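What follows is a set of notes on a single structure, which appears directly below.
What you see is a predicted model; the values in this text were computed from it and never measured.
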Amino acid sequence: MDLKHNHEVHVVAVDSRSNGDIAAKEPELVGFWAKLDKWIQLDSATEGRYSNHDLDPVPVEERTWHARHYALFWISDHLSVSGFRTAASVVAIGLSWKLALVCIALANIIQGLVITANGICGTKYHIPFSIMSRASYGYYLSYVMILMRMIVGIFWYGVQAYTGAECVQSMIYAIWPSFHNVKNQLPLSANITTQFMISYIIYFITCLPFHYVGVHRVKWLFLLKSITTPIVAFAIMGWTIKQAGLGQTSLFTQGNTVSGSRLAWAFMSALNSNIGGGTTLMVNAPDYSRYARKRSDTYITALAIPLTATVMTFIGVVAASGSKVLYGKILWDPLLIINHWTSAGGRAAAFFCALSFYFSQLGLNIAANSLASANDMNCLFPKYINIRRGQFISAVLGAWALTPWNILTSAPAFLNFMAGYSVWLGPICGVLISDYYFVHKRKYDVYQLYDFAGIYKYNYGFNWRAFAAFTIAWVPLLPGFIPTVSSGTAIPGMVHLYEVGFFYGFGAAVLSYFVICKLWPAKETYLEHAVTIDDEEGDIVGDLENTASYGEKSRSL
């Protein structure tokens, strides 16, 4: 068996518009446009099929992620500037630091369980979210869900790039304190200064090479930041305790500032908000789990996410508490803390701290945003966009087309809208979970998922059952969501429903989809046995002798 070239033999993904004719040809272009079209086409997508190497199931030689890599992946996601800031909004709405820790830990336990559960499909079939979604939504309705997920990834890429530029700015401050005095040449309406624009450009240019690295190799970036960032985080906490202690003016002496039902709803709102921040990763968990060497490697996710998030939040609370003593105000941002280190030794320490946070932010943006949106683009335009190209496109659109400095400084309504995007992502994930575990009982045919005229076609590529469940799950949340982005009148009961929106949206999608499929089953999609690209009995894909290649198990469609 020649596994070296597994990826060169593919199942043909046939669009139903070709009437099942694998050899159907598109109208030929002539002249300049023909040459341009041929030049930008992917080599792996020029075989009359609607797929490419990055969209195909991951071949054996590229399944290189072990349990330790997934642990590092999720550790790196939380060990960041954003992780430091997590408790800020929770304490701001009235919770004590202790209750804030409980809230954040519980939110991340739920996140970890859902991400692990949804990622199992990726470990079994080695397919991304965009392909998995076809089984539940149908080929063409799945594109709508993919597009919604892609928009979120591009948006948050820009926001996280802004934070990455703050890391660069702190590094420059540490090397050249005179950078504080750089004269602003940009108008006030630009919502960004010359000083910060320089930092932003430097961040953007230096992060581009990391987008070129293959997703099965980018794990080493997570290893680097998982070593350096904890050292820096604990160093900042230790320095803060040494300099400020845990005095009477710290956050540690502050209890809940609200009580009764207000406290209960504040807790639920904070819990829902922190869970909602992870819905993007819940939806596209298969994008990462598909690279696992064996199925159990991803289980560490359920432990790594809540553990690292809680530890990082605690460090942030200690640092913020000390900043109140040292500077007279609470600084939830570690970059603002290290910017106060102005002695020679202090600036050296500040530089290395900022450098560590730079790598941390870079890894976070790749893991949570650029790879996710690139996978989505890969599915929407498989003939021209692979994961590498998609990452560069996401970077340009997120960092420059969206101009995050304008959004962060002058568009609070839009920020609230994006923060509330879990209204849709929670139900999307709920349908995926319900379909995989309860409706199809973990039995998919991986080859049919690439056949537009196959069993997952439903009615014209549209599974009305999934659409109905998705609608049931998000529409009731709108009355509570709209007042957060407009001046509309809020109905208290609807606001409270929105404050537990993830639990309703995700739960309603799981339950309603299961019930609808029980009453009106799509029997043609139900299988007696799962069909994967691997040996049905094998689990560890590293056993090359017992693992059949994608091409060898290909069937005529």
Side-chain angles (χ1 to χ4, degrees), residues 54 57-80 82-83 105 107-129 132 153 210 213-230 275 277-312 359-372 374-375 387 391 429 432-433 436 442 532 534 538-543:
D54 286 347
V58 177
V60 173
E61 64 271 19
E62 292 182 13
R63 300 175 205 165
T64 59
W65 287 43
H66 295 245
R68 63 180 179 274
H69 299 124
Y70 284 101
L72 293 173
F73 179 93
W74 296 111
I75 289 171
S76 68
D77 188 50
H78 290 100
L79 296 179
S80 61
S82 302
N108 282 276
I109 288 173
I110 296 171
Q111 276 190 39
L113 292 174
V114 177
I115 289 172
T116 302
N118 198 35
I120 287 175
C121 181
T123 66
K124 182 174 183 178
Y125 297 95
H126 311 290
I127 55 176
F129 146 70
M132 174 191 177
F210 292 92
V213 178
V215 64
H216 54 289
R217 298 189 184 95
V218 78
K219 60 187 180 183
W220 301 112
L221 173 61
F222 304 133
L223 173 62
L224 172 65
K225 62 174 289 191
S226 296
I227 293 173
T228 60
T229 311
I275 295 174
T279 51
T280 54
L281 293 168
M282 294 179 195
V283 170
N284 71 299
D287 289 351
Y288 312 107
S289 63
R290 65 193 293 227
Y291 296 97
R293 185 181 68 94
K294 60 180 181 179
R295 295 175 192 173
S296 60
D297 282 336
T298 61
Y299 297 167
I300 190 68
T301 297
L303 176 64
I305 289 179
L307 179 62
T308 55
T310 305
V311 170
M312 197 63 173
F359 281 113
S360 173
Q361 202 63 31
L362 175 61
L364 170 62
N365 218 3
I366 289 176
N369 300 313
S370 71
L371 283 177
N375 269 291
I387 292 178
Q391 284 197 84
C429 186
L432 294 175
I433 292 285
Y436 184 63
R442 297 181 296 169
T532 71
D534 297 324
D539 181 34
I540 300 178
V541 299
D543 184 359

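Counting heavy atoms from C-beta outward, Gln391 and Ile366 have side chains that approach closer than 4.5 Å. Residues Pro128 and Arg290 are in side-chain contact: their nearest non-hydrogen atoms beyond the backbone lie under 4.5 Å apart. In this structure, Cys429 and Thr279 have side chains that are not in contact, with every pair of non-hydrogen atoms separated by 4.5 Å or more. You'll find the side chain of Gln361 reaches within 4.5 Å of the side chain of Ser82, heavy atoms only. Contact of the Val283 side chain with the Phe129 side chain is registered, since non-hydrogen atoms from C-beta on lie closer than 4.5 Å.
Between Met312 and Thr229 the shortest heavy-atom distance is CE-CG2, 4.5 Å. Listed here is the closest heavy atom pair of Gly122 and Pro286: CA-CB, 4.0 Å. Shown here for Gly119 and Ser289, the closest heavy-atom pair between the two residues is O-OG, 2.5 Å. Considering every non-hydrogen atom in both Ile305 and Thr308, the closest pair reads O-OG1, 3.4 Å.
In this structure, OG1 on Thr298 lies 6.5 Å from OH on Tyr70, to the nearest 0.5 angstrom. Here the NE2-CD distance, from His126 to Glu62, works out to 12.0 Å after rounding to the nearest 0.5 Å. Annotation: the span from Phe73 atom CZ to Leu364 atom CG amounts to 9.5 Å, rounded to 0.5 Å.
Residues meeting the side chain to side chain donor-acceptor pair (under 3.5 Å) test with Thr228, sequence neighbours left out: Ser356. Partners of Asn118 by side chain to side chain donor-acceptor pair (under 3.5 Å), not counting sequence neighbours: none found. Taking the side-chain contact (heavy atoms from CB on, under 4.5 Å) definition, one finds that Ile120 meets it with Thr123, Tyr299, Tyr436, Tyr437, sequence neighbours left out. Considering only residues two or more places apart in sequence or on other chains, Asn365 meets the side chain to side chain donor-acceptor pair (under 3.5 Å) condition with Asn369. Every residue two or more places apart in sequence or in another chain that forms a side chain to side chain donor-acceptor pair (under 3.5 Å) with Asn108 is listed here: His78. Scored by the side-chain contact (heavy atoms from CB on, under 4.5 Å) test, Ala302 finds Leu113, Thr116 as partners (sequence neighbours excluded).
Between the side chains of Asn284 and Tyr288, at least one donor N or O sits under 3.5 Å from an acceptor N or O.
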**OP:** List the steps and the verdict of side chain to side chain contact (heavy atoms under 4.5 Å, CB included) for Thr532 and Lys124.
**Re:** CA-CA 7 Å; Thr532 71; Lys124 182 174 183 178; 4.2 Å; yes

**OP:** Assess whether salt bridge (Lys or Arg N to Asp or Glu O under 4.0 Å) is satisfied between Asp534 and Arg295, documenting all intermediate values.
**Re:** CA-CA 12 Å; Asp534 297 324; Arg295 295 175 192 173; 5.5 Å; no

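Tested against Met282, the residues Ile433, Leu432, Ile115 include a single side chain to side chain contact (heavy atoms under 4.5 Å, CB included) partner, Ile115.
Although no hydrogens or angles enter the test, the distance criterion places no donor-acceptor pair under 3.5 Å between the side chain of Asn375 and the main chain of Asp287.
Relative ring orientation between Phe210 and Phe359 is described as perpendicular, the plane-to-plane angle rising above 60° on a 0-90° scale split at 30° and 60°.
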